[in-house]
Amino acid sequence: MSENVLSVRDLCVYFEVRGEGWFPERKQLRAVDGVSFDLGPAETLGVVGESGCGKSTLARAVVALVPVTSGEIHFDGHNLVGLGAEQIRQQRRHLQIIFQDPLASLDPRMTVGQIIGEPLRSFFPRMSGQERRAKVLEMMRQVGLLADYINRYPHEFSGGQAQRIGIARALILQPEVVVCDEPVSSLDVSIKAQIVNLLMELQQVYGVSLIFVAHDLASVRHISHRVLVLYLGKVMELASSDAIYRAPRHPYTQSLIHAVPVADPRQARAHPAKGLEGEPPSPIAPPSGCVFRTRCRYAIERCAQETPMLRQVGESLVACHLAEQIRVPAER
Ligand code: SF4
């Protein structure tokens, strides 16, 4: 891949939360804690982890929808961290987001044509109504929506169709990067596949780079070139999609892969899907050393004392003291 379109460096997003009791203490919740990655042109980076691991906060921080505590987000020659509201608005033309709940993210008072055309109205106020309508209709065609739908309202559509409207709106300005924040989590399995395939087709057409957030590895497998695995706001592993599935190094990645059901019934009997036991600890009081140690079957004393740094092991960047010693499981 040539030069990166987006580079995130040591990104931290902390929130102040109030404790409980009569005299509640203010505590710090580390939603995203020192995350770095690059995104190449027309590349898809999958971001996975359980609920509460910080993936949606990371997605929203990248498009400047949540305030960043520290770190850098380099995009289009600017560090987005520290830019003013108008400069960020200008960058949004090239940096868009698709949300998890398609119906909730669309304004119920606007028609499909108005929703999809709204970014054009905002960034190209002199564009004629006729030209805007033509662009909206072309975008609707590309996402598989009938031209007849242009005057309908969001409540008249299914979840899958509403997500197509959200995709059309995100792509109408032909952005360089689209952050997809769990865009298929609320959809049925068959619709999920259609939306993932649509995003892949549109990536081919527009050369857009995608950050695709999901809570399970099965959803990102098909679409991602590389995968970043998050746990309690920290990167556990980052590798090509192929390497993550073929040779997962981190015990957490291995558990996520083990939780993915396999389609072949014979293989499913031989390797039954098994989720990770227990809940992640609170991000308000994360474990010392390796944040995964309370659920890791390989944990040793060192894991409680020393935070593992992200380092190259085989084909992956892994944050685990024992990454060289832990056996890579057979491919499922
Ligand atoms: Fe497990 Fe220790 Fe590796 Fe953390 S550093 S994943 S606790 S072995």
Side-chain angles (χ1 to χ4, degrees), residues 8-14 27-37 45-58 71 213-221 224 226-260 271-332:
V8 172
R9 289 290 170 269
D10 209 12
L11 191 72
C12 296
V13 181
Y14 301 163
K27 295 187 173 173
Q28 198 172 53
L29 186 156
R30 299 182 166 213
V32 175
D33 199 10
V35 170
S36 299
F37 63 86
L45 177 73
V47 176
V48 291
E50 293 161 288
S51 295
C53 73
K55 52 193 189 303
S56 278
T57 307
L58 173 63
V213 176
H215 60 261
D216 64 291
L217 275 164
S219 299
V220 300
R221 182 170 201 166
S224 305
R226 286 185 305 141
V227 175
L228 182 151
V229 180
L230 268 188
Y231 186 80
L232 282 194
K234 288 180 180 288
V235 179
M236 299 288 106
E237 186 159 2
L238 174 59
S240 71
S241 186
D242 173 57
I244 282 276
Y245 291 97
R246 189 172 33 76
R249 292 278 177 177
H250 197 283
Y252 182 52
T253 316
Q254 294 182 358
S255 303
L256 290 179
I257 288 183
H258 209 60
V260 175
H271 305 283
K274 192 167 176 285
L276 189 62
E277 284 172 12
E279 296 293 318
S282 164
I284 298 171
S288 62
C290 173
V291 288
F292 186 61
R293 73 177 167 82
T294 52
R295 298 168 87 192
C296 179
R297 63 189 171 116
Y298 302 104
I300 54 173
E301 214 178 312
R302 182 184 173 199
C303 305
Q305 289 153 5
E306 218 180 292
T307 304
M309 304 306 288
L310 205 59
R311 63 204 170 85
Q312 190 78 44
V313 179
E315 296 167 75
S316 300
L317 282 170
V318 197
C320 172
H321 295 311
L322 304 180
E324 288 87 351
Q325 287 102 299
I326 291 172
R327 194 173 64 84
V328 172
E331 200 176 348
R332 281 159 63 86

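Order of appearance sets the numbers: ligands from 1, and atoms from 1 within every ligand.
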message = Tell me if the CD atom of E306 is crowded by more than 12 foreign heavy atoms within 6.0 Å.
response = yes

ask   = Under 4.5 Å between any side-chain heavy atoms of R226 and L238, yes or no?
value = yes

ask   = Which value, rounded to the nearest 0.5 Å, describes the distance between Y231 atom OH and C290 atom SG?
value = 8.5 Å

note = Tested for side chain to side chain contact (heavy atoms under 4.5 Å, CB included) against V291, the lone hit among P280, P286, C296 is P286

ask   = Passes ring pair (Phe, Tyr, Trp, His ring centres under 6.0 Å), F292 versus H250? Steps please.
value = CA-CA 10 Å; F292 186 61; H250 197 283; 5.7 Å; yes

message = Would you say that more than 12 heavy atoms from the other residues, nucleotides or ligands in this model lie under 6.0 Å from the CD of E324, or not?
response = yes

request  = Please indicate how many protein N/O/S atoms are found closer than 2.8 Å to atom 4 (Fe) of ligand 1, with waters neither displayed nor included.
outcome  = 1

